[in-house]
Participant: 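Take a look at the following structure, please.
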Amino acid sequence: MTDFWRNKRVLVTGGAGFIGSHLVERLIDEGASVTVLDPLFIGLGGKEEHLSHLPKVRWLRFDMAHDSALSQALQGCELVFNLAGNVSHEDSMRMPSFDLAANYSSHLYLLEGIRRWAPQARVVYSSTRQVYGAPQTLPVSETHPLGPMDVNGIHKLACEQLHLLYHRVHEIRSVVLRLTNTFGPRMLIEHGRQGFIGWFLNRALLGEKIELFGGGKQRRDFTYVSDAVDALMLAGAQQNYWGEIFNLGGSVASLRDVAVLLKELAPNSRFVDVDFPEERKKIDVGDYFADSGKIEKALGWKSSVSLREGLSQSLDYFRTNSRLYLGRDL
Ligand SMILES: NC(=O)c1ccc[n+]([C@@H]2O[C@H](COP(=O)([O-])OP(=O)(O)OC[C@H]3O[C@@H](n4cnc5c(N)ncnc54)[C@H](O)[C@@H]3O)[C@@H](O)[C@H]2O)c1
């Protein structure tokens, strides 16, 4: 793949965030010329330090809805990884207008910008398993009925449809990946609103109790961040699948399994069973795991990092960088 990326002019929206910064790092390694659009919205996973070791990156600290920053970012751009967004389902219910801007309307500006200033660019959009809602059958394939259960899922679904519409009507070469629970170094662990795995890592590192809602029986599908980056890179470099949607998967485990693994890997870690809080229960999708056969067959992607290995690498990273993520040395 190396030749494909050498000197490619690539824009990564949300590039200072968790997944975005790993992708940027990989792109730089492969010789791409990378621009990031990311204003570091407060409360999301972006950090200055995620990119400060990469002096070659051109970082425009703007919302992608900012017209002149967007036109600058798209000048000569050959490929856009659109990773900007708000990940928190809970926050989307408390602040739906913010979620609308982060997960829908700013993307409309981006796609209009691409149509105007970079119609030749390829576009890879990071959507979410949340668009399916509570699975009716498992594993969930791309043809499973859609039924998002929260504001975040509705906006992400509308946004992926927008990407596909711009492909059908305006011939923009876009492709959609539906990510599942992605984890690894640099993920947001300061609060629990971006997903339970970051919060479990926080509790394990600080030796605080992990609370398992309803006993933690729900099963989920976990993708280590380097595997997610592999999939994004493959989706950007392919020729034949514009206008398509691909699921990602990884390791299937219950929340309880994750807590047990963390106890093994971080000896101070503890967990307790608690009742499901009412407001969480209403938007919980229950068991989810993906059928990722389509991307395996089409693009040759397969996850390679196990849950145990990924958790171990994450704990090592956060122990070394605890001041940045937890505000104190461990
Ligand atoms: N992390 C996961 O488990 C997961 C699962 C499914 C889908 N996704 C999707 O992957 C993408 C990246 O997630 P992440 O975990 O890296 O999130 P993150 O919070 O770490 O990073 C998101 C970044 O996007 C930036 N951003 C938000 N709105 C923006 C805008 N209008 N213009 C420019 N930048 C903007 C934020 O400042 C932040 O730095 C998101 O689209 C998310 O919906 C993530």
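Any value given below was found using the heavy atoms of this structure, including those in side chains, with hydrogens, waters and symmetry copies removed. Order of listing sets the numbers, starting from 1, for every ligand and every atom in it.
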Participant: Any donor-acceptor pair under 3.5 Å linking the side-chain atoms of Asn82 with those of His163?
Facilitator: yes
Participant: Give a yes/no verdict on a cation-pi contact between Lys47 and Tyr325, requiring under 6.0 Å between NZ or CZ and the six-membered ring centre and an angle within 45° of the axis.
Facilitator: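 Yes, Lys47 sits over the ring of Tyr325.
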Participant: Look at the rings of His66 and Phe62 and say which category their plane angle falls in: under 30° parallel, 30 to 60° tilted, over 60° perpendicular.
Facilitator: tilted
Participant: Are a donor atom and an acceptor atom from the side chains of Arg58 and Thr35 found within less than 3.5 Å of each other?
Facilitator: yes
Participant: Under 6.0 Å between ring centres, would you say that holds for Phe213 and Phe196?
Facilitator: no
Participant: Under 3.5 Å, N/O to N/O: give me all the pairs between ligand 1 and the protein, one per line with atom names and distance.
Facilitator:
from	atom 1	to	atom 2	distance (Å)
ligand 1	3 (O)	Thr182	N	2.9
ligand 1	10 (O)	Ser126	OG	3.4
ligand 1	16 (O)	Phe18	N	3.4
ligand 1	16 (O)	Ile19	N	2.9
ligand 1	19 (O)	Gly45	N	2.8
ligand 1	19 (O)	Gln194	NE2	3.1
ligand 1	20 (O)	Phe18	N	2.8
ligand 1	31 (N)	Asp63	OD1	2.9
ligand 1	31 (N)	Ser106	OG	3.3
ligand 1	32 (N)	Met64	N	3.0
ligand 1	37 (O)	Asp38	OD1	2.7
ligand 1	37 (O)	Phe41	N	3.0
ligand 1	39 (O)	Asp38	OD1	3.3
ligand 1	39 (O)	Asp38	OD2	2.6
ligand 1	39 (O)	Gly46	N	3.4
ligand 1	41 (O)	Leu83	O	3.3
ligand 1	41 (O)	Ala84	O	3.4
ligand 1	41 (O)	Ser126	OG	3.2
ligand 1	41 (O)	Lys156	NZ	2.9
ligand 1	43 (O)	Lys156	NZ	2.8

Participant: For Arg178 and Ser127, does a side-chain donor sit closer than 3.5 Å to a side-chain acceptor?
Facilitator: no
